[in-house]
Enquirer: 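Just dropping this structure here.
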Amino acid sequence: MLDINIWNFIWAAINLVLLLILMKIFLFKPVRKMMDERTKMVQNDLDQAKKTREEAEALKQQYQEDLSGAKEEVQKILDKAHEDAETERAAMIKKSQEEAEQIVADAGKSIEDERRRVLAQAQTQIADLAIEAASKIIGENVDDEKNRRLVDKFLSEEEGGNK
């Protein structure tokens with residue numbers, strides 16, 4: 001059957017152990033070292049990617065804060081512009097009302113002055129007509145100055161009584 005030679009078995013075992021030792025020294029150690037370096041390099045790349053992602057997140061957050069701050073600033077500027085416009089509008093309306101009131105007051109004063117002038121003129125004409133009529137009725141020309149004073153006094157009393 002099978003012939004097992006112990007010496008062959010021992011030499012095979014020694015060769016196998018020697019081969020494993022040599023492989024460990026010359027193959028496994030350099031391969032393990034290369035794999036460790038590769039693992040460190042991959043880990044460094046992952047760490048760098050994580051750091052870059054965190055920096056990007058921080059920049060994104062800063063950008064959003066800046067954007068929100070800019071939006072708030074724009075809103076403040078718009079609110080201020082609306083307030084200024086409203087204030088200016090109110091001032092313009094007030095000024096226009098004051099000018100309109102002044103124009104109405106001036107017009108009322110002008111009308112009153114004109115009414116007094118017309119009344120005085122009418123009073124003078126009425127006095128002249130009354131004096132002329134009285135002169136024709138009496139038949140003689142009485143003192144013009146005295147008559148005028150009498151007529152003016154009469155008209156003043158009538159005017160005071162009608163008011």
Enquirer: Report the distance from atom NZ of K109 to atom CD of Q102, rounding to the nearest 0.5 Å.
Expert: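 K109 NZ to Q102 CD: 9.5 Å, rounded to 0.5 Å.
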Enquirer: Would you say the side chain of L46 lies within less than 4.5 Å of the side chain of K50, judging by non-hydrogen atoms?
Expert: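 Answer no - side chains too far apart.
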Enquirer: State the CD-CD distance between E101 and E99, to the nearest 0.5 angstrom.
Expert: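 If we round to the nearest 0.5 Å, E101:CD and E99:CD are 11.0 Å apart.
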Enquirer: Could you check whether any side-chain heavy atom of K95 comes within less than 4.5 Å of a side-chain heavy atom of M92, counting everything from C-beta outward?
Expert: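 No; the side chains remain at least 4.5 Å from each other.
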Enquirer: Can you tell if the side chain of K51 reaches within under 4.5 Å of the side chain of E55, non-hydrogen atoms only?
Expert: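 Yes, their side chains come closer than 4.5 Å.
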Enquirer: Run the salt-bridge test on D113 and R117 with the 4.0 Å N-O cut-off and return the result as yes or no.
Expert: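 No.
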Enquirer: Can you hop from W11 to L18 via hydrophobic side chains spaced under 4.5 Å?
Expert: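 Shared cluster, no.
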Enquirer: Return the CD to CG distance between Q61 and D66, rounded to the nearest 0.5 Å.
Expert: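 Here the rounded value is 10.0 Å.
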Enquirer: With a 4.5 Å heavy-atom cut-off, do L119 and Q123 have their side chains touching?
Expert: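 No, too far: nothing below the 4.5 Å cut-off.
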Enquirer: Are I14 and M23 grouped together when hydrophobic residues (ILVMFWY) are joined by side-chain heavy atoms under 4.5 angstrom apart?
Expert: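 They do not share one cluster, since no chain of ILVMFWY contacts under 4.5 Å joins I14 to M23.
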Enquirer: Tell me, with the steps shown, if Q75 and D79 meet side-chain contact (heavy atoms from CB on, under 4.5 Å).
Expert: CA-CA 6 Å; Q75 189 60 44; D79 291 344; 3.0 Å; yes
Enquirer: For the residue pair K29 and R32, establish whether any side-chain heavy-atom pair is separated by less than 4.5 Å.
Expert: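 Side chain of K29 against side chain of R32, heavy atoms only: no contact under 4.5 Å found.
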Enquirer: With sequence neighbours left out, write down each residue that passes side chain to side chain donor-acceptor pair (under 3.5 Å) with R116, or none if nothing qualifies.
Expert: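 So R116 forms a side chain to side chain donor-acceptor pair (under 3.5 Å) with E112.
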Enquirer: Hydrophobic clusters here meaning ILVMFWY residues chained together by side-chain heavy-atom distances under 4.5 Å, can you tell me if M35 and F28 are in one?
Expert: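 The answer is yes; both residues are in one hydrophobic cluster.
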Enquirer: Are E37 and K33 close enough that some pair of their side-chain heavy atoms sits under 4.5 Å apart?
Expert: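 They are in side-chain contact.
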Enquirer: Step by step, work out the side-chain contact (heavy atoms from CB on, under 4.5 Å) result for D84 and E88.
Expert: CA-CA 6 Å; D84 291 348; E88 185 65 27; over 6 Å; no
Enquirer: Any non-hydrogen side-chain atom of L67 less than 4.5 Å from a side-chain atom of Y63?
Expert: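 Yes, their side chains come closer than 4.5 Å.
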Enquirer: Which residues pass the side chain to side chain donor-acceptor pair (under 3.5 Å) test with E54, not counting sequence neighbours?
Expert: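 In terms of side chain to side chain donor-acceptor pair (under 3.5 Å), with neighbours along the sequence ignored, E54 is linked to no residue.
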Enquirer: What's the spacing between I10 CD1 and N5 CG if we round to 0.5 Å?
Expert: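 Separation between the atoms: 9.0 Å.
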Enquirer: With rounding to the nearest 0.5 angstrom, report the CG to NZ distance, L22 to K24.
Expert: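 Result: 12.5 Å between the selected atoms.
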Enquirer: Let me confirm one number: the CD-CD distance from Q48 to Q43, rounded to the nearest 0.5 Å.
Expert: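 These two atoms lie 12.0 Å from each other.
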Enquirer: Would L27 end up clustered with L19 when hydrophobic side chains under 4.5 Å apart are linked, directly or stepwise?
Expert: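 Yes, because L27 and L19 connect within a single hydrophobic cluster, where side-chain heavy atoms sit under 4.5 Å apart.
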